[in-house]
Amino acid sequence: MTNAENYNTIMAIAPSAKNRNVIWVGTDDGNVQLIKDGGKTWTNFRGKIPGMNAGAWVTQIQASRHNEAEAFVVCNDYRRGDFSITVFRTKDFGKTWENIAANKGMKGYALCMIQDPAEPNLIFVGTEHGLWISLDNAKTFQQWKNGYPSVSTYDLAIQEREADLVIATFGRAVWVLDDIRPLRAAAKNNGTAPSKKLTVFEPPIAVQAQYRNAPGYEWSTWGMYEAENRRRGAMLSFFVAPNSAKDSTASRQRTDSVLVKIVDEQNKQIRTFKTKADTGLNRIYWNFETISYRQPGTPKPPANAPELGNGVPAFPGTYKAVFALGKETDSTTIVVNPDPRIDVKKEVYDAKKKMIDRLQVSVDKFAAAVDNVLDAEETITKLEANLKGAEGKEADSLRRAVSAMKADIKKLREPIFGRSSEKQGINRFSDRTTMSVLQVARMEVMGKLSAPTTQTERLIKEAEDEIEKTIQTISTFFSTKWAAFRKQAEATPMKLFKD
């Protein structure tokens with residue numbers, strides 16, 4: 001209708017990175033042209049590439065970064081009803097050609113490709129139905145489906161500093177596959193799985209980026225689209241070998257948990273956690289968490305519960321990640337850099353950490369005291385259940401004692417955690433509680449990027465004094481009112497108390 005197809009448009013220009021005089025050119029009507037002398041003479045391969053339809057649409061040409069005589073020609077002819085997949089390669093300036101996409105199990109006509117600039121065996125091909133990866137220099141391909149759908153994949157680029165694969169889809173989104181260096185390691189071995197059961201790859205440098213809401217709009221009410229950022233934390237990739245060669249061709253299998261330990265420069269273990277893993281390539285993130293404390297009033301963790309990890313974030317530096325799968329172990333080094341926009345000195349971090357560690361001594365005692373209060377409430381609940389239906393003077397007396405004790409425990413809890421609303425709707429109380437004093441002190445230390453000040457010292461001391469006063473109040477309660485109540489309750493045959 002518009003005659004656009006009749007103007008024979010140049011679709012691809014690919015200068016060689018190995019030889020400045022070599023340039024490849026492709027058009028939308030099947031011309032593949034080559035110059036080797038900087039533009040003096042041209043060679044046209046139209047009709048000379050076996051398997052390429054005359055007049056096919058050349059969508060891309062990629063000149064190899066590893067061999068000046070090598071180039072890849074991506075073409076398709078679906079506009080004229082031929083949906084075969086064609087990516088032609090020459091290694092000798094066009095004397096011979098091969099279709100590297102033929103009979104490799106790929107789906108959809110070809111739209112783009114790229115050869116990794118660092119590892120020639122690693123080749124990516126984008127088709128109308130997804131992304132395909134070869135780890136053995138195009139001998140075999142497999143589809144990449146980890147988070148990436150089978151969509152029209154229009155263009156590919158590799159961000160060389162970050163080793164990220166950037167993928168442009170047709171009409172959907174730009175998608176980034178972070179850190180392809182594990183794929184490079186596999187391709188260097190021609191796609192052969194590592195002989196070890198567990199292999200950990202060197203991670204990219206992690207940055208402790210500071211985030212804030214974008215200025216100019218109210219984020220909680222506006223329906224503005226925002227793409228997903230790269231996940232926060234240190235990106236850790238590891239490979240779990242299948243149990244047998246048969247497993248390697250089957251679907252990925254869930255394996256046992258992998259134990260990960262983070263160790264600092266002083267060889268001190270600062271974090272331990274478990275992660276589920278499948279056979280094949282796995283990726284997890286360490287969000288710079290360190291071992292933390294249990295918040296007073298929270299349930300006691302059961303035996304073998306995961307370690308709490310909301311402690312002071314690790315300071316930028318060099319760390320070691322040790323992975324263990326059964327008896328198999330491997331490790332790697334993690335380099336954590338600070339946000340380049342913010343100057344945070346080590347002495348500032350050390351001073352803040354010292355303040356938090358000091359406060360933690362009081363918090364641990366506080367949590368143990370509050371546990372006693374929670375145990376008392378649990379005992380009261382069990383007593384009430386056992387007293388249901390009980391008759392007699394002693395049962396009635398104990399019921400009254402239980403009601404009085406519930407009221408006493410409520411009075412004990414409110415100065416610690418604050419009042420709880422018994423009315424419908426939103427009710428807030430601004431009472432000064434032990435927990436609020438503790439939280440203010442912690443925020444004073446953790447909420448600023450500056451070193452602790454006289455104000456910080458005052459708030460820490462205030463929290464320590466408040467906690468000590470609360471612990472004393474709890475101790476007095478148990479040595480007086482609770483002791484008397486226990487004596488009365490234990491006069492019955494019910495044995496419900498914890499010593």
Side-chain angles (χ1 to χ4, degrees), residues 292-301 308 310-312 355-385 387 398-448 452-490 496-499:
S292 181
Y293 67 95
R294 180 167 65 91
Q295 185 83 350
T298 58
K300 295 178 184 178
L308 295 172
N310 58 340
V312 180
M355 279 286 190
I356 289 296
D357 289 344
R358 168 186 159 183
L359 184 59
Q360 188 60 45
V361 175
S362 295
V363 170
D364 289 340
K365 296 177 183 177
F366 180 30
V370 171
D371 283 346
N372 291 332
V373 178
L374 299 181
D375 287 342
E377 288 183 315
E378 183 182 346
T379 300
I380 289 293
T381 301
K382 290 179 180 179
L383 268 173
E384 281 189 308
L387 283 170
L398 188 54
R399 283 195 190 92
R400 289 191 295 270
V402 166
S403 297
M405 184 52 59
K406 287 176 66 175
D408 287 337
I409 291 178
K410 181 180 179 182
K411 292 178 183 177
L412 187 65
R413 282 181 59 98
E414 286 183 346
I416 300 174
F417 299 107
R419 289 176 287 169
S420 58
S421 175
E422 298 177 358
K423 297 180 180 179
Q424 186 177 0
I426 299 174
N427 295 275
R428 295 188 178 95
F429 303 101
S430 57
D431 300 348
R432 182 180 186 275
T433 64
T434 310
M435 289 300 297
S436 68
V437 174
L438 171 60
Q439 289 164 358
V440 168
R442 282 186 58 85
M443 283 302 299
E444 170 67 19
V445 181
M446 299 300 299
K448 297 180 179 179
T453 62
T454 305
Q455 165 83 348
T456 312
E457 171 65 31
R458 183 183 68 81
L459 291 174
I460 292 289
K461 182 66 168 60
E462 190 173 316
E464 290 172 334
D465 292 344
E466 184 69 24
I467 288 173
E468 184 60 35
K469 186 177 73 173
T470 300
I471 291 174
Q472 187 58 47
T473 301
I474 293 173
S475 178
T476 301
F477 166 79
F478 279 102
S479 63
T480 56
K481 291 185 177 181
W482 184 257
F485 172 74
R486 174 173 178 169
K487 185 177 180 180
Q488 178 184 356
E490 285 187 334
L496 298 170
F497 285 91
K498 294 181 180 179
D499 291 328

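Hydrogens, waters and symmetry mates play no part in the numbers below; they use all other heavy atoms, side chains included.
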**Student:** Within the distance-only criterion (no hydrogens, no angle test), does the side chain of R399 pair as donor or acceptor with the backbone N or O of L387 below 3.5 angstrom?
**Tutor:**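 The answer is yes, because a donor-acceptor pair under 3.5 Å joins these two groups.
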**Student:** Can R458 and E444 be counted as an ion pair, charged N to O under 4.0 angstrom?
**Tutor:**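 No.
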**Student:** Scan I460, V312, L459 and name whichever one has a side-chain contact (heavy atoms from CB on, under 4.5 Å) with V445.
**Tutor:**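 Option passing the side-chain contact (heavy atoms from CB on, under 4.5 Å) with V445: I460.
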**Student:** With a cut-off of 6.0 Å (strictly less than), are more than 12 heavy atoms of other residues, nucleotides or ligands near CE of M443?
**Tutor:** no
**Student:** How close do I467 and S362 get, counting heavy atoms only, and between which atoms?
**Tutor:**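 So the two residues come closest at CG2-O, 3.6 Å.
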**Student:** Which pair of non-hydrogen atoms, one from V370 and one from I474, has the smallest distance, and what is that distance?
**Tutor:** N-CD1, 4.4 Å
**Student:** Assess whether a salt bridge exists between E384 and K406, defined as any Lys/Arg side-chain N lying under 4.0 Å from an Asp/Glu carboxylate O.
**Tutor:**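 Judged by the 4.0 Å cut-off on N to carboxylate O distance, E384 and K406 do form a salt bridge.
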**Student:** Determine whether F477 and I409 make a side-chain contact, defined as any pair of heavy atoms from C-beta on separated by less than 4.5 Å.
**Tutor:**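 Yes. Closest side-chain heavy atoms under 4.5 Å.
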**Student:** For a quick test of reading the model, state the closest non-hydrogen atom pair linking F366 to P296 and the distance between them.
**Tutor:**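 Closest heavy-atom pair between F366 and P296: CD2-CG, 3.6 Å.
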**Student:** Ignoring hydrogens and geometry, is there a side-chain-to-backbone donor-acceptor pair from T473 to K469 under 3.5 Å?
**Tutor:**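 Confirmed, T473 side chain pairs with K469 backbone.
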**Student:** Relative to each other, are the rings of F478 and W482 parallel, tilted or perpendicular (30° and 60° limits)?
**Tutor:** perpendicular
**Student:** How close do T298 and Q295 get, counting heavy atoms only, and between which atoms?
**Tutor:** OG1-O, 2.6 Å
**Student:** side-chain hydrogen bond (donor to acceptor under 3.5 Å, both in side chains) between S436 and T433: does it pass, once the steps are laid out?
**Tutor:** CA-CA 5 Å; S436 68; T433 64; 3.3 Å; yes
**Student:** With side chains defined as the heavy atoms from C-beta onward, is the minimum distance between K300 and D371 less than 4.5 Å?
**Tutor:**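 K300 reaches D371 side chain to side chain.
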**Student:** Answer yes or no: is there a side-chain heavy-atom contact under 4.5 Å between E466 and T470?
**Tutor:**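 SC-SC contact between E466 and T470 confirmed.
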